[in-house]
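Below is one structure; the comments refer to it alone.
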Amino acid sequence: MQRHGPGTTAVPRMRVTGLLLLVAHLLIVAWLTLRPRTVPWVSATNLEPLATIRAELAHGPSWEVVQHLGGSVLLLAPLGVLLPLSAGRLNVSPLVSLTRTVFAGAMISLAIELLQSGVPGRVPDIDSVLLGALGVALAHLAVVPGARRRLRRRYGDLGEVTPRIPRVELAPQADVLSGSRTYL
């Protein structure tokens with residue numbers, strides 16, 4: 001392993017820490033969302049976007065509404081920080097990072113909802129996917145740009161310490177095409 005300068009071990013440490021925390025969080029989310037529930041009845045599957053949210057808000061503001069909608073937003077919100085942390089990139093466009101993170105969070109949320117269709121007592125809901133993606137986006141916007149800025153300031157521009165290969169000049173044509181060399 002090559003060393004490229006002082007302070008460059010921060011990115012591998014961040015990646016390992018991010019991956020460990022990401023796996024731990026996903027295991028907790030899987031345990032919370034994919035356990036079978038024993039209930040006398042379950043509501044129907046919701047494939048109409050925003051139907052559950054509208055139905056919850058129609059009851060008026062209450063603690064149950066905040067718990068249900070807020071819980072769906074907060075469940076996957078840590079992915080907004082853990083996914084970029086596990087990637088370990090400091091020099092990346094904020095828009096690209098946000099897009100990549102929200103897409104990955106939405107796909108994880110969709111996978112959870114699809115897996116819930118086979119779990120007794122659990123019903124897939126498209127609004128859970130939307131609220132999960134919203135939570136990922138809000139957490140990403142709240143934490144990641146500022147954290148990356150602080151890390152770049154602390155460790156400098158790590159992209160500049162990467163060793164560069166000097167340009168290789170072309171050999172003269174006479175040497176390349178010479179028939180005088182034998183390679184036996």
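Note that this is a predicted model, so its numbers are computed, not measured.
With rounding to the nearest 0.5 Å, the separation of CD1 in I126 from CG in L50 is 10.0 Å. Summarising the geometry, atom NE2 belonging to H25 is positioned 6.0 Å from atom CG belonging to L75; distances are rounded to the nearest 0.5 Å. Remark: L32 CG to L27 CG distance equals 11.0 Å, nearest 0.5 Å.
Taking each heavy atom of G132 and S109 in turn, the nearest pair found is CA-OG, 4.5 Å. A104 and L83 make their closest contact through CB-CD1, 3.7 Å (heavy atoms, listed as atom of the first residue, atom of the second, distance). In terms of heavy atoms, M14 sits closest to L90 at CE-CD2, 3.9 Å. Minimum interatomic distance between S72 and L131 (heavy atoms only, all atoms of both residues): CB-CD1, 3.6 Å. Counting all heavy atoms, side chain and backbone alike, L69 lies closest to L57 at CD1-CD2, 4.0 Å. A139 approaches V81 most closely through the heavy-atom pair O-CG2, 3.9 Å.
Remark: the backbone N or O of L98 is not paired with any side-chain donor or acceptor of T101 at under 3.5 angstrom. The main-chain N or O of E113 is never found under 3.5 Å from a side-chain atom of S117 such that the two would form a donor-acceptor pair. Formation of a donor-acceptor pair under 3.5 Å by the R122 side chain with backbone atoms of P36 is not found in this model. Under the 3.5 Å distance criterion, the side-chain polar atoms of R37 are matched with a main-chain donor or acceptor of G121.
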Original post:
Passes side-chain contact (heavy atoms from CB on, under 4.5 Å), N91 versus R152? Steps please.
Top reply: CA-CA 8 Å; N91 299 320; R152 278 194 303 264; 3.0 Å; yes
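The hydrophobic cluster containing L79 also contains V29, counting ILVMFWY residues as joined when their side-chain heavy atoms lie under 4.5 angstrom apart, directly or transitively. Note on L20 and L82: separate hydrophobic clusters, where clusters join Ile, Leu, Val, Met, Phe, Trp and Tyr whose side-chain heavy atoms are under 4.5 Å apart, directly or indirectly. Following chains of ILVMFWY side-chain contacts shorter than 4.5 Å, one can reach L76 starting from I28, so the two form part of one hydrophobic cluster.
Under the side chain to side chain contact (heavy atoms under 4.5 Å, CB included) test applied with L26, the options L21, I108, I112 reduce to a single match, I108.
Using a 4.5 Å heavy-atom threshold, the side chains of S128 and Q116 count as separate. With contacts defined as side-chain heavy-atom distances shorter than 4.5 Å, the pair H59/H68 does not qualify. Taking 4.5 Å as the limit, every side-chain heavy atom of V102 sits out of range of all side-chain heavy atoms of H140. L85 places none of its side-chain heavy atoms less than 4.5 Å from the side chain of L22.
Legend: residues meeting side-chain hydrogen bond (donor to acceptor under 3.5 Å, both in side chains) with T33, ordered by chain and number and at least two apart, are absent. Listed by chain and number, the residues in a side-chain hydrogen bond (donor to acceptor under 3.5 Å, both in side chains) with R89 amount to none (sequence neighbours excluded).
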